**Q** 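Please see the structure below; I have some questions.
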Number of protein chains: 4
Amino acid sequence: MHFNHISPAKTRAQKEHRANHILESALVLFVEKGFSATRLEDVARHAGISKGTLYLYFENKEALFKRLVEEMVVPLVQNAEHEVNAYQGPCNNLLQQLILGWWKMIGKTSLSGLPKLLISESGNFPDLAEYYVKNVVARVRRLLTTVIQRGIAAGEFIECDAEGVARVILSAVVFPVVLQHSLGIYDTAFENDRYQRAHMELILNGMVTKR
Amino acid sequence: MHFNHISPAKTRAQKEHRANHILESALVLFVEKGFSATRLEDVARHAGISKGTLYLYFENKEALFKRLVEEMVVPLVQNAEHEVNAYQGPCNNLLQQLILGWWKMIGKTSLSGLPKLLISESGNFPDLAEYYVKNVVARVRRLLTTVIQRGIAAGEFIECDAEGVARVILSAVVFPVVLQHSLGIYDTAFENDRYQRAHMELILNGMVTKR
Amino acid sequence: MHFNHISPAKTRAQKEHRANHILESALVLFVEKGFSATRLEDVARHAGISKGTLYLYFENKEALFKRLVEEMVVPLVQNAEHEVNAYQGPCNNLLQQLILGWWKMIGKTSLSGLPKLLISESGNFPDLAEYYVKNVVARVRRLLTTVIQRGIAAGEFIECDAEGVARVILSAVVFPVVLQHSLGIYDTAFENDRYQRAHMELILNGMVTKR
Amino acid sequence: MHFNHISPAKTRAQKEHRANHILESALVLFVEKGFSATRLEDVARHAGISKGTLYLYFENKEALFKRLVEEMVVPLVQNAEHEVNAYQGPCNNLLQQLILGWWKMIGKTSLSGLPKLLISESGNFPDLAEYYVKNVVARVRRLLTTVIQRGIAAGEFIECDAEGVARVILSAVVFPVVLQHSLGIYDTAFENDRYQRAHMELILNGMVTKR
DNA sequence: CATGAATGAGGTTTCATTCAT
DNA sequence: GATGAATGAAACCTCATTCAT
């Protein structure tokens, strides 16, 4: 009774933690089966709680999904932006660093399922899709475009359609992660490093033999 | 009712035609909302028939989905393979021709939704995903790899990881089509030709300035 | 096939009929157990249909309830109004006629449960309560007030607070019907005619001995 | 925690007091929403305690409801009975006194919701309804019948159906209180005193003009 | 053949009740 | 004693599938 103020603090942290745990479980299952085909009972079981407990943390199934997207990616985008702003040095290094960062922060973590999930569900959640495009997709693309423009200005890169190139590069970076959570499972394995190496070499030097 | 016995052939053809019509409707809606979230009633309404009639043409919802995938793409892959086998001339032309063909046969038709659909639903239809990977993805990739290897052998392309490069190129070709049917709707428009031009220039010449 | 135009007409009538049948069942159970405590499955069983069928006729439980109220009483009020307007003759006869009509049209039919139901549920359905007050309660009260005022003007009734008296009379008429569907079941029976006779004599002559 | 062993008496009284507080809250909400639609969490919040604490005072939701009815009215009935037995004087005064008492003890206190509540829930709680009819409704009616009979014997009231008249009077007294907690909220206001005056005048003198 | 009313299994959501703190 | 997080039974509601017309 005397130190009651401790309990709510502890509870608050626990509550936060529990909510994150549920979000992780939801992410895994939503990515695997899609939003509609995922039963809340499965999410609960996966999180080790009961069906009813879910509703102590999230208003309903849709709210659970929205929190998933809104709370898990934006911080990472901000990180990348800071990194680019602070960077001094050759742009191809920066480019490579960003791509590696993508794999480290997203591609190899549980977040890697999010792009696939958003692609799958955008038709049913237009608001969320718009939010994601605005706060993630567009920002990342702008970032990459900036880097390329900086490289052109520095004479490091040839004069090219910076945004077009940024889009091409992003496709080649994001798509494998999307496949990883979908058709990739049924395909022959292909080493990630090898893919990344081929990608970097291709975009830096092209494939045509120089005369 | 009176002259039904006269035209079994016509009936057969009509049946085929009707089935295709339903498949088209199903494709549109499955792509938009996903398999699970699409109600058969909506498919029926979209096809201009009644709910019950669907079952005269397809055993059940799942069968409808499977037929969709099995009947609509494989022929196109075969076409591409024939084209490559018959081709004589510089490989970068062939490459460009294949990419243009992709846009013409898939990217700009209703089939363009299929890759998005399969990515979304692979978790719930492993058999189908496997079938698609084996009969479409892997075959197209092999085809592209062959073209690149042919270019290398001809001294037209530099020595590179042919399969790796093929995968990178495919990502950059398929991903925009996937986006078109998902997040793309909520993004700023970007002209397709411009994207393709940036793509071709990038993979042919790279972006680094030649010393 | 030739007389297809019959089928939809027949269907329309059947549909109407079926909907009314469901409303009757819902009325019985809502009156007995209340809205919240009545399970739709019970309504369905009582109506001899399945749970799902309910939803072909009513959007949801609440809509079912609202239709119940909106479609089943207002016509009766209009009837009474016409009757009063058309009446020529002594007002105490008219009064008696109205009270008898109440018993015949409401008190002894399945509609008799509605007042009890609305009293019970008004807290949870304010809109509906307001609708009922406006379109039923207030109109009937106004009607009765008019009759009394007419009687006063004709020298038939003493000068009195017409609206107040109307409210008193209505209480004594409606309350027994409400009890009939609630506590009345557990009370000793009391003949309706006897109640009505006591009521008429009381309001006409009072209970005090004349000097 | 330290001196708990000293004041069991105080604790006993506090417990009693707390229980009554909970009962008051339950009464308010049960009347407003009905038993089924009232959540125990709301009762708890209204009483300023936690959900779990309720169960320290009442076995379950049903027990809470039953105690509500059993403990809050019977004493009032006994009071009225004593009053009638002790009374000496003209019966119309006694009648008026009883009706005024009804308004003072019930109609204007939180108990006024009980009749509405019992009417609403009698279908789901037959035992309770029976108890209430036996210990409240029937006793009050018998009391009123007695008064009327006494008035007739004294030559104060005309020869009439005493029980029938008692029932009519009770309807007109109880119904407004029931309305007050239901449809009344949505109706135009009508002054209570005015209603009571109209009521008394009507039952004493009737509405027909004396020749 | 074609229809769409009917079904009921299965999903989402609520809430009375329990119990560790 | 008091709490409120956790539970799971039971309610509402949806929709794939069937079948009489």
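Values below: every heavy atom of this structure, side chains too, minus hydrogens, waters and symmetry copies. Keep in mind it's a predicted model, so treat the numbers as computed, not measured. The sequence lines fix the lettering, A, B, ..., with proteins before strands; numbering per chain opens at 1.
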**Q** Rounded to whole angstrom units, what separation is found between the NZ atom of B:Lys33 and the P atom of F:dC15?
**A** 10 Å
**Q** Which base sits across from E:dT12 as a Watson-Crick or G-U pair, both distances under 3.5 Å?
**A** F:dA11
**Q** So which heavy atom on C:Leu64 is nearest to which on C:Val43, and how close?
**A** CD2-CG1, 4.5 Å
**Q** Given E:dA5, is OP1 or OP2 found less than 4.0 Å from the side-chain N or O atoms of C:Arg18?
**A** no
**Q** Rounding to a whole Å, what distance do you find between C:Glu16:CD and E:dA5:P?
**A** 14 Å
**Q** Take A:Ser36 and D:Ala37, find for each the nucleotide of DNA chain E with the closest heavy atom, and name the residue whose nucleotide sits nearer the 5' end.
**A** A:Ser36
**Q** Would a distance-only check, ignoring hydrogens and angles, find a side-chain to backbone donor-acceptor pair under 3.5 Å from C:Lys33 to C:Arg39?
**A** no
**Q** I want to verify a distance call: between E:dC1, E:dA6, F:dG1, whose nearest atom is closest to the B:Leu56 side chain?
**A** E:dC1
**Q** By nearest nucleotide on DNA chain F, pick out whichever of A:Ile49 and B:Arg39 is the more 5' one.
**A** A:Ile49
**Q** Assert yes or no for the condition that the ring centre distance of B:Phe35 to B:Phe125 is strictly below 6.0 Å.
**A** yes
**Q** Measure the distance from OH on A:Tyr55 to P on F:dG4 and round it to the nearest whole Å.
**A** 23 Å
**Q** Does D:Arg67 come within less than 4.0 Å of D:Glu71, counting only side-chain N to carboxylate O?
**A** yes
**Q** Using the closest heavy atom to pick a nucleotide of DNA chain F for each, name whichever of A:Tyr57 or B:Gly52 lands nearer the 5' end.
**A** A:Tyr57
**Q** Between F:dC13 atom P and A:Asn60 atom CG, what is the distance in whole Å?
**A** 15 Å
**Q** Whole-Å distance between E:dC15 P and D:Glu62 CD?
**A** 18 Å
**Q** Expressed as a whole number of angstroms, how long is the span from A:Leu40:CG to E:dG10:C1'?
**A** 13 Å
**Q** Could a donor-acceptor pair under 3.5 angstrom be found where the side chain of C:Lys51 meets the base of E:dG10?
**A** yes
**Q** Of B:Gly48 and A:Glu59, whose closest DNA chain E nucleotide lies nearer the 5' terminus?
**A** B:Gly48
**Q** A:Glu41 has an atom CD; how far is it from atom P of F:dA10, in whole Å?
**A** 15 Å
**Q** Could you state the CG-P distance from C:Leu54 to E:dA5, rounded to the nearest angstrom?
**A** 15 Å
**Q** Less than 4.0 angstrom between a side-chain N/O of C:Thr53 and OP1 or OP2 of E:dT7, yes or no?
**A** yes
**Q** Check whether any side-chain heavy atom of B:Leu68 lies under 4.5 Å from a side-chain heavy atom of B:Met72, and answer yes or no.
**A** yes
**Q** With a 3.5 angstrom cut-off on both distances, give the Watson-Crick or G-U wobble partner of E:dA20, or none if there isn't one.
**A** F:dT3
